[in-house]
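One structure is given below, encoded as C-alpha cells.
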Amino acid sequence: MSARGADRHSERNGLLVSRSSTVQHIAVVGAGAAGTLTATRLLRHAAAEHRTGLRIWLIDPAPAGRGLAFGTEQPHHLLNVPAGRMSAHRDDPGHLVRWLAEHGERGTCGELYGEHDFIPRGRYGRYLADCLDAAGRLDGAPDLVRLHDRVVGIARQSDPAAAPLRLRLGSGQWLDFDAVVLALGNFAPGQGWAPPELRAAAGYLPDPWAPGALERVPEDRDVLLVGTGLTMVDMALSLRRPGRVVHALSRNGLVPQPHADAPLVVPPAPDIDASSGLDALRRAVLRQISSCRREYGDWRTGVDSLRPLTIALWQQLSTADQARLLGRDLRLWETHRHRIPPVSAAALRGAVDAGLVSLGRGTVAEALSTADGIEVRLDSGARQRFGAVLNCTGSQADLARVDDPLIADLLAGGLGSLAPVGGGFDTTAAGRLRPAADHVAAPLWTLGSLRRGNLLETTAIPEIRCQADDLARLLLDHSRLEPQGAAAPRR
C-alpha cells in the first residue's frame, strides 16, 4: 500500500484520510520525545510558512510523547533537568513553565511549579503530547497521520516515479515515503554482562522499564540491581520498603551526583580544544573544573561550562582516543554531567542510611536459579540469594547487538552504517544516515541517541529539541529531500 497512491486511505484518529500522489509524505518513526518533538516542529514550521501539499506521519504503537523516558507515572520518577530548561521549543524557553501553570500542575506541597523545579516525568510526557496536539491545530498546519503500528522493515526504491523509501509495518502493510526520520529513542539494556543461567532465570528482569516488569518482583525478598546509573536511582526508590534490601552494584560503583540545591551561575565556556589528544584534554578539563570550583564554590559550574564544547571536543579526538575516553572517562563524566534532583538524591541517601538500599562495586560472575529466587556469585566470591535481579545497565548503544528488525533490515540493506565508535549510526552533520560503502545516500535522517557515536552528547532534551528543530527546517526544504545520485521523487 502506498502512502502516495491516489484513492488510498489511512486511519487518522479514527477518521479516514484520502491520499494523493501530489502530496509529499514525511514519516517520523517513533513517537517518544525525539519523534514527538520532530513532528511538532514540522507542523509548526509548515504552518508558519503556509506550506501545502505535505503530510506528516507519526508511526509508533505507543502514545505520543511517552516513550521509555516519560511513560512512567511514578511521582518520584523526576526529570533530571529543571523545568525552565525543558521547553519543547528552543525559541520559547518558558513554554513548559507556562504550560504547567495553565494546567494547574502543582508539586507535592500544592505549589505551582517554577523554572527551577524538577517535575515528574509522566507530566512531561503529557506536555509533549499536548504540544503535538496544539501544533496540529494551528491554522494552516498540514495533516498529521498518527499510525499506531510498528515499522519492521525499510527498503530503497529505484523506480524514479515512485517514492524513494518504503516502510514495512508489523501489520504487513507497506507504505511509501519521500523522507523518513528515525526517532527510535533508547533500546532495551544490553545483556552481555549476564551469565546464560541468569538470563534463563524466572526472576531476571532484562528490562525493568517494560510494562508490568516490577510486578514480578517478590514483595518479601531482597533485590539486586545491576548498574548504578539513573535507572538504578528510579528502581531503588520504587522498590525500597521495610523488610527488603535493594542491593545495587556496578563495575565502578559510581552513582549519579545531585544537582545543587540552588541555581548556579554558568561561567563562559573555556578556550580549550582536543587537538593535542585525550591526555591533554583530560588535564584541561580538570583544570577548568578546579578553577570554577575555586571561583564559584561548586564543581558543577565547571562541568556545565563545558556543555557548549562537548560535541566539538569529542569530534576533534581520534577514533583511538574516543575509544579510550569511552572505556576510562565516560562513566565518571556522566555521573557528574547527568545529575539527579536534590530530592531524589536525599531520598536515595535516606534509604541507604536506613539500610533499605545498599550501593557497591562488583560484577556478576555466576547465577543459579533456586526454588525461591536466584543465587548470585559476585566477582569478589561473595554469594547471596535474591528474589529478583534487574538489568539497570542502561540502553544498548551498539546497534549491531540490538534485537530490532528495522535496525537489522536497514543495516543489511546498506541504507545506514554504524558509527566508528560509541554506538548509533554514522551520520552527516545534519543527521542524515551515511550509507554503507558502494551505496547511495537515501532521504533518511535520525536524531537523539542514535547519533551518540558522532556527537556523544545527544540524549538530553535541550540537545534533542535543537536537532528536531534543525531537522524540521531541513525537511521542509524540497531540494534537500532529493537523494544523492537518484532522480527527484515525483511530487
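Looking at heavy atoms from C-beta onward, Leu415 lies out of side-chain contact with Pro435 at the 4.5 angstrom threshold. Within the 4.5 Å cutoff, no side-chain heavy atoms of Leu43 are placed close to those of Leu138. You'll find the side chain of Val28 reaches within 4.5 Å of the side chain of Leu42, heavy atoms only. Looking at Leu410 and Leu182, their side chains come closer than 4.5 Å, going by heavy atoms from C-beta outward. Using a 4.5 Å heavy-atom threshold, the side chains of His89 and Arg41 count as touching. Leu450 places none of its side-chain heavy atoms less than 4.5 Å from the side chain of Leu433. Proximity of Arg146 to Asp60: side-chain heavy atoms (C-beta onward) are separated by under 4.5 Å at one or more points. Considering only heavy atoms from C-beta on, Leu225 stays 4.5 Å or farther from Thr231 through its side chain.
Remark: side-chain polar atoms of Ser449 are paired, donor with acceptor, to backbone N or O of Gly185 under 3.5 angstrom. Without hydrogens or angle criteria, Thr36 side chain to Ala31 main chain gives a donor-acceptor distance under 3.5 Å. No donor-acceptor distance shorter than 3.5 angstrom exists from the side chain of Gln74 to the backbone of His76, with no hydrogens or angles considered. Checked by atom type and distance alone, the side chain of Arg51 pairs as donor or acceptor with a backbone atom of Leu476 at under 3.5 Å. Within the 3.5 Å criterion, the main-chain N or O of Asn454 finds a donor-acceptor partner in the side chain of Gln315. With hydrogens and angles ignored, the 3.5 Å screen pairs no side-chain donor or acceptor of His77 with any backbone N or O of Glu73. Side-chain atoms of His259 come within 3.5 Å of backbone N or O of Asn80 as a donor-acceptor pair. Within the 3.5 Å criterion, the main-chain N or O of Glu334 finds no donor-acceptor partner in the side chain of His336. With Ser395 contributing its side chain and Phe187 its backbone, the two residues share a donor-acceptor pair below 3.5 Å. Checking side-chain atoms of Arg123 against main-chain N and O of Leu78 turns up no donor-acceptor pair under 3.5 Å.
Of all the heavy atoms in Arg44 and Ala135, the pair that sits closest is CG-CB, 3.8 Å. Across all their heavy atoms, Asp409 and Gly153 have their closest contact at OD2-CA, 3.3 Å. Closest non-hydrogen pair, Gln157 versus Leu165, comes out as NE2-O, 4.3 Å. Closest non-hydrogen pair, Trp209 versus Arg121, comes out as CH2-NH2, 3.1 Å. Here the closest non-hydrogen pair linking Thr228 and Leu254 is OG1-O, 2.6 Å. The shortest heavy-atom contact between Gly448 and Gln467 is N-OE1, 2.9 Å.
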So Arg434 and Thr428, side-chain contact (heavy atoms from CB on, under 4.5 Å) or not? Walk me through it.
CA-CA 7 Å; Arg434 297 186 188 276; Thr428 68; 4.0 Å; yes
Run the side-chain contact (heavy atoms from CB on, under 4.5 Å) check on Asp117 and Leu100 step by step: do they pass?
CA-CA 11 Å; Asp117 291 323; Leu100 291 167; over 6 Å; no
Give the intermediate values and the outcome of side-chain contact (heavy atoms from CB on, under 4.5 Å) for residues Ile340 and Leu230.
CA-CA 8 Å; Ile340 57 177; Leu230 296 173; 3.5 Å; yes
Verdict with reasoning, Leu281 to Asp321, per side-chain contact (heavy atoms from CB on, under 4.5 Å):
CA-CA 10 Å; Leu281 174 62; Asp321 272 349; over 6 Å; no
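Atom CZ of Phe177 is separated from atom CZ of Arg55 by 10.5 Å, given to the nearest 0.5 angstrom. With rounding to the nearest 0.5 Å, the separation of NE2 in His50 from CG in Asp139 is 8.0 Å. Going from atom CG of Asp143 over to atom CD1 of Ile56 covers 9.0 Å, rounded to the nearest 0.5 Å. To the nearest 0.5 angstrom, Leu411 atom CG is 9.0 Å from Leu406 atom CG. Rounding to the nearest 0.5 Å gives a distance of 10.0 Å between OG of Ser275 and CG of Leu313. Of the inter-residue distances, the one linking Asn391 atom CG with Gln191 atom CD reads 6.0 Å to the nearest 0.5 angstrom.
Using a cutoff of 4.0 Å between basic side-chain nitrogens and carboxylate oxygens, Asp470 and Arg473 are not scored as salt-bridged. Taking the charged nitrogens against the carboxylate oxygens, Arg166 and Asp159 have no contact shorter than 4.0 Å, which rules out a salt bridge.
The environment of Arg401 atom CZ is sparse: at most 12 non-hydrogen atoms of other residues, nucleotides or ligands sit within 6.0 angstrom. Other residues, nucleotides and ligands contribute over 12 non-hydrogen atoms within 6.0 Å of the CG atom of Asp91.
Annotation: Trp99 is in aromatic contact with His103 [ring centroid separation under 6.0 Å].
Ring geometry for Trp57 against His25 counts as tilted: the plane angle lies between 30° and 60°, on a 0 to 90° scale. Note on ring orientation: taking the six-membered ring where Trp is involved, the planes of Tyr127 and His95 are tilted (angle from 30° to 60°).
Among Arg90, Arg451, Arg307, Arg85, the single residue meeting the salt bridge (Lys or Arg N to Asp or Glu O under 4.0 Å) criterion with Glu463 is Arg307. Of the listed residues (Asp404, Val29, Ile59), just one forms a side-chain contact (heavy atoms from CB on, under 4.5 Å) with Arg150, and that residue is Asp404.
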